[in-house]
Amino acid sequence: MPVRLEGLETRFGQQRVHHGLDLEVRRGEALGIVGGSGSGKSVLLSVIALLKTPSAGQLMLFGEPVDTRMTETSLIPLRRRIGVMFQHGALFSSLTVLENVMLPLREHTRLPLVLVEEFARLKIALVGLPVEAAGRYPRELSGGMLKRAGVARALALDPELLLLDEPSAGLDPVSAAEVDGLLDTLHKALGLTMLLVTHDLDSLFTVTDRVAFLGEGRLMAVAPASELADSEVPMVARYFGNARARRFLGDPQGGP
Ligand SMILES: Nc1ncnc2c1ncn2[C@@H]1O[C@H](COP(=O)(O)OP(=O)(O)OP(=O)(O)O)[C@@H](O)[C@H]1O
């Protein structure tokens, strides 16, 4: 089991974001994370990425319990196994795409520079960017290309677990569908375990195997997206039962 959370509690001062949150992520699955604004989706990713220390509960990564109070240095080997693309985790604007993708390899490995460059170029090709994109600066890329470059950087160290915060946010529908296609391919071809925070129903239905719904600080439901419209939890059924969601289920009453 790549990720297992039991009784997770997280806080920012007096504010409690999660309390009693249990979640399991299966090996090789793409798990969507949804919930209302402020329900703690991004904070959940930060906990799993070992960037935010829970105030209570147990986190297990790759089958081992994690002592989240470990020193920064002792968390590094675990962090290396997790690729992260945060919503605002933009690329460094002063570095080219190639240099951005090389960065985790330079920080975390002692590989010779030629190999680092070769591995980075492989990742850039893997995400479907043209060869010439490697030499461009982030400001010279389209939104969709930026997202691809972010995915390439998250994959730099061949992570076993990929965490993505709103990967298609802010893209036009065509570019968003292309990013979904890329994630679906990566998931299927590489067998990557993925956690995907998204508000985008297209992404949920095309990329994920199951969807976890967060509300009131805990897990309200977890099931394939197609089953959540029939959830017994009213908040979940409302979210998935709306017209737009029904369209994906082939329900003619779901509108255009
Ligand atoms: N660094 C921080 N300091 C203080 N409070 C924070 C911090 N990060 C998040 N929070 C609070 O934690 C709660 C959950 O935030 P989070 O970003 O996880 O929500 P979300 O479900 O991802 O929302 P959205 O869909 O709007 O992105 C919010 O109330 C937010 O204000």
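Reckoned from all heavy atoms, side chains included, excluding hydrogens, waters and symmetry mates. One is the number of the first residue; the rest follow in order along the sequence. In each ligand, atom 1 is the first atom listed, and ligand 1 is the first ligand listed.
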State the atoms of ligand 1, each with its element, that fall below the 4.0 Å cut-off from a heavy-atom position in Val17. 12 (O), 13 (C), 14 (C)

Got Val151 and Leu186 here, is their nearest side-chain heavy-atom distance under 4.5 Å? yes

Within reach of ligand 1, part of Val43 (heavy-atom separation under 4.0 Å): both

Test your reading of the model: is there a side-chain donor-acceptor pair from Ser175 to the backbone of Leu171, 3.5 Å cut-off? no

Minimum-distance protein heavy atom relative to atom 2 (C) of ligand 1: Phe12 CE2, 3.3 Å

Count the heavy atoms of every other residue, nucleotide or ligand shown that sit under 6.0 Å from CZ of Arg106, and state whether that count exceeds 12. no

Would Gly35 count as a contact of ligand 1 if the rule is a heavy atom under 4.0 Å away? no

Check the surroundings of atom CD in Glu232: do more than 12 heavy atoms from other residues, nucleotides or ligands lie under 6.0 Å from it? no

Going by heavy atoms in the side chains, are Leu141 and Arg148 under 4.5 Å from each other? no

Applying side chain to side chain donor-acceptor pair (under 3.5 Å) between Thr10 and each of His19, Arg16, His18, report the one that passes. His18

Which atoms from ligand 1 have a heavy atom of His199 less than 4.0 Å away? 25 (O)

Quick one: do the Glu166 and Thr198 side chains pair a donor with an acceptor below 3.5 Å? no

Taking only heavy atoms of Gly36 into account, list the atoms of ligand 1 that are under 4.0 Å away from them. 21 (O)

The closest protein heavy-atom partner of atom 17 (O) of ligand 1 is Ser42 CB, 3.6 Å

Do we see a donor-acceptor contact under 3.5 Å between the side chains of Thr206 and Asp184? no

shortest atom 29 (O) of ligand 1-to-protein heavy-atom contact is with Gln15 NE2, 2.8 Å

Between Glu29 and Arg27, is there a side-chain N and carboxylate O pair less than 4.0 Å apart? no

What residue and heavy atom of the protein are closest to atom 26 (O) of ligand 1, and at what distance? Ser37 OG, 2.6 Å

Nitrogen or oxygen of Leu44 less than 3.5 angstrom from that of ligand 1: no

Protein heavy-atom partner closest to atom 23 (O) of ligand 1 - residue, atom, separation in Å: Gly38 N, 2.9 Å

Who's the nearest protein heavy-atom neighbour of atom 25 (O) of ligand 1, and how far? Lys41 NZ, 2.8 Å

Taking a cutoff of less than 4.0 Å between a non-hydrogen atom of the residue and any ligand atom, is Ser46 in contact with ligand 1? no

